[in-house]
Amino acid sequence: MGTEFQMFVRQFKKNRLAVVAFFVAMVLFFLALFGPYLTPYDPLATSHDTRLLPGFWDDNMENPLGTDGLGRDLLSRLLYGAGISLRVGITVIIITAVVGISLGIVSGYLGGVIDLLVMRIVDIVLAFPPLLLALVIVAALGTGIERAMLAIAIIYIPGLARIVRGSVLTVKELPYVEASKAMGGGHFWIMLRHVLPNVITPTVVYLTLLLGDAILYTAALGFLGVGIDPSMPEWGAMLSGGKDYLLLGKWWITVFPGVMIFLAVLSFNLLGDGLREAMDAKLRI
Amino acid sequence: MAETLFTVKNLKKHYPVKSNEHLFRYDWLKALDGVDFEIFEGETLGLVGESGCGKSTCRKMLLCIEPPTEGEIIYRGRDVLTMNSSELKSYRREVQMVYQDPYASLDPKWKVVNLITEPLRIHGIGSNAYRKEKALELMEMVGLREDYQYAYPHEFSGGQRQRICIARALALDPGVIIADEPVSALDVSIQAQVLNLFKELKKRLNLTYLFISHDLNVINYISDRVAVMYLGKIVEIAATEELFANPVHPYTRALLKAIPVPDPQDKLELQVLGGEVPSPINTPDGCPFHPRCEIAVEECRVTPPELKQLNESHCTACHLARVPI
């Protein structure tokens, strides 16, 4: 529907920050797709001669962002890593969103034994220290980036399910739900058409914040040797790998991956905010 | 006499509530405690009573949203409570609902055209094009402009929203509309407009209404017959003129006396009923009204009165009904 989309765009444009965030996110997506083809050097090639070189601030135009402790070009690694990091972040968000929202809605709407069961499982999962739980899950499933993503999603699902369930409990008592029931609407119809659209708003912020957490957790799991291969140029892994050199004054190894993660999280967060505002018919003028 | 559409027999709904004194015991909140009435085809039955007397619980039972504790609801000879799912589905097509709060009874995320056609979509009736046409037809019928079809509920005033609700209720061409306080959230001037719309639609589409309200003026204006509820029971049913001219039950009299008269010469001497509505958890023995009744006698404290036929169109549940006061 053309008019609807135009209204959406018009509303979205009113939020300047969100528009900036949109372009930053677009750039990141571009890097994620084409980064590996833009790298000036092989991001995995190590060299003893180029270890810990500073970048453009020290007139090193060969390696504009410097090199890390194994002599790998930081710019190449950042470009190459965009794809890996964003893929991890977005996959985790999608898994968490689908499972967490479904569980929350089913649990809150149907109530009774199902609610009790789901919420007790949620309590159990929430009782574990998150990183430990992720480790256990990866240990049980076997290592690999896919399993690491699944493990991270499992950590975040209970929190989301809780938030969603809370909103569902409010929504399901509203007269329009009873009206739909009286018209003959089944549970599935009501959950999908009435409950879901009305509980999605509070989850958007939670989900956008998850991007950064997911990237960092992937790094943590990689650091512990169960997630991604630490030599792979994932931003989180680069960040944690560079921290040993901080004391030696080689700040660029941690700062540049940190800046990328920061940009990704901030732009997704602002973008999520802007989308929510533009989608919510009530806030339109 | 017109055909009987609904027969409600001895309808009871008791909700469990945690007892204050006992840890593991439940008390029962008697929201409905034996309600009997009939609705005839083509009439408007007004259901009136104070807040918390069970009017809305009665609505929930009739719409099969919650099962009653006891009793029967018979619609056109079939017991609604024992219907199978396909029968229930056709029952839901015939009985529609308009709610009290037009702000909360429309999903804020839906456009008007989708709101109005929701029942059609649930029942899988017609193509998209047909539904849209039907929505426009209904919007015109309830007095909404066509160009509002893509607007969202928050863009409307209360009266307009109630019109949307009415259009939605009419989408399936129902025979019966249950309206639960449909005008109590509206301004007085808008109330009149919406009530007139109800009347006009009834004439045009040959509808039957169960009209729930606490406002006696509204009830007087719209109803053919009136049922007065008190504490989960019906205390008096009569034709509207009969009830307003000749109320028999002391509670009905008290209600009628409490209607403000718009006359500045008339001294403000509203006779407001003393005391409070007893808790529906510990209902009094005997007649539920006896603690507040001016004319209660010993019998009222002991035996609960049954609905008695006074004349053709007048029933009341009072032991003293035949005593002229």
Side-chain angles (χ1 to χ4, degrees), chain A residues 1-12 101 104-105 108-112 164 167-204 275-285, chain B residues 56 59-66 85-125 149-155 161 164-165 168-169 171-172 174 177-178 180-181 185:
Chain A
M1 209 170 290
T3 50
E4 185 68 8
F5 184 69
Q6 279 161 12
M7 283 237 314
F8 177 79
V9 172
R10 205 185 66 197
Q11 190 64 28
F12 186 77
I101 292 174
I105 289 180
Y109 180 79
L110 295 179
V164 171
S167 317
V168 172
L169 291 183
T170 326
V171 170
K172 80 165 182 179
E173 296 301 328
L174 291 173
Y176 58 79
V177 171
E178 195 197 306
S180 190
K181 230 182 270 180
M183 281 175 230
H187 291 320
F188 190 68
W189 171 272
I190 293 172
M191 283 194 263
L192 198 68
R193 303 284 178 156
H194 290 293
V195 178
L196 178 65
N198 284 291
V199 299
I200 210 110
T201 318
T203 66
V204 172
L275 288 179
R276 184 175 58 81
E277 260 173 47
M279 275 192 295
D280 196 338
K282 254 190 193 165
L283 299 173
R284 276 187 200 156
I285 306 144
Chain B
S56 294
R59 165 203 95 207
K60 283 186 182 165
M61 303 297 115
L62 285 178
L63 291 169
C64 285
I65 286 171
E66 286 172 25
S85 61
S86 69
E87 282 175 324
L88 194 62
K89 206 158 185 179
S90 67
Y91 170 73
R92 292 203 193 283
R93 281 184 65 166
E94 285 169 52
V95 181
Q96 291 288 316
M97 178 74 215
V98 175
Y99 286 86
Q100 172 173 19
D101 183 353
Y103 293 84
S105 58
L106 296 171
D107 191 328
K109 306 271 173 182
W110 287 34
K111 288 186 217 121
V112 169
V113 59
N114 292 335
L115 285 167
I116 293 176
T117 54
E118 185 184 359
L120 295 170
R121 286 162 70 196
I122 287 175
H123 289 273
I125 295 167
Q149 57 177 314
Y150 295 120
Y152 287 89
H154 70 270
E155 295 168 47
R161 283 168 193 238
I164 299 171
C165 293
R168 178 174 67 178
L172 289 167
I177 288 189
I178 299 176
D180 187 0
E181 307 246 14

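Only heavy atoms go into these numbers, but all of them, side chains included; no hydrogens, no water, no symmetry mates.
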Chain B-proximal positions within residues 187-195 of chain A [heavy-atom distance under 4.5 Å]
A/Trp189, A/Arg193, A/His194
Give the intermediate values and the outcome of salt bridge (Lys or Arg N to Asp or Glu O under 4.0 Å) for residues B/Glu155 and B/Arg161.
CA-CA 9 Å; B/Glu155 295 168 47; B/Arg161 283 168 193 238; over 6 Å; no
Using modelled atom types only, decide if a donor and an acceptor are shared between the side chain of A/Lys172 and the backbone of A/Gly108 within a distance under 3.5 Å.
yes
Looking only at B/Cys64, B/Pro119, B/Ser105, B/Ala171, the option with the highest number of non-hydrogen pairs under 4.5 Å against chain A is B/Ser105
Check each atom of B/Asp107 against the heavy atoms of chain A and say whether the ones under 4.5 Å are side chain, backbone, both or neither.
both
Decide yes or no on side-chain contact (heavy atoms from CB on, under 4.5 Å) for A/Ser167 and A/Asn198, but give the supporting numbers first.
CA-CA 8 Å; A/Ser167 317; A/Asn198 284 291; over 6 Å; no
Assess the residue pair B/Tyr99 and B/Glu181 against the criterion (side chain to side chain donor-acceptor pair (under 3.5 Å)); give the C-alpha distance rounded to whole Å, side-chain angles, the decisive distance to 0.1 Å, and a yes or no.
CA-CA 7 Å; B/Tyr99 286 86; B/Glu181 307 246 14; over 6 Å; no
Determine, stepwise, if the pair B/Met97 / B/Leu63 fulfils side-chain contact (heavy atoms from CB on, under 4.5 Å).
CA-CA 8 Å; B/Met97 178 74 215; B/Leu63 291 169; 3.1 Å; yes
A cation-pi test, strictly: NZ or CZ of B/Arg168 under 6.0 Å from the centre of the six-membered ring of B/Trp110 and no more than 45 degrees from its axis. Yes or no?
no
Portion of B/Ile65 that has a non-hydrogen atom of chain A nearer than 4.5 angstrom:
side chain
Is the backbone of A/Ile200 close enough, under 3.5 Å, to the side chain of A/Thr203 for a donor and an acceptor to pair up by distance?
yes
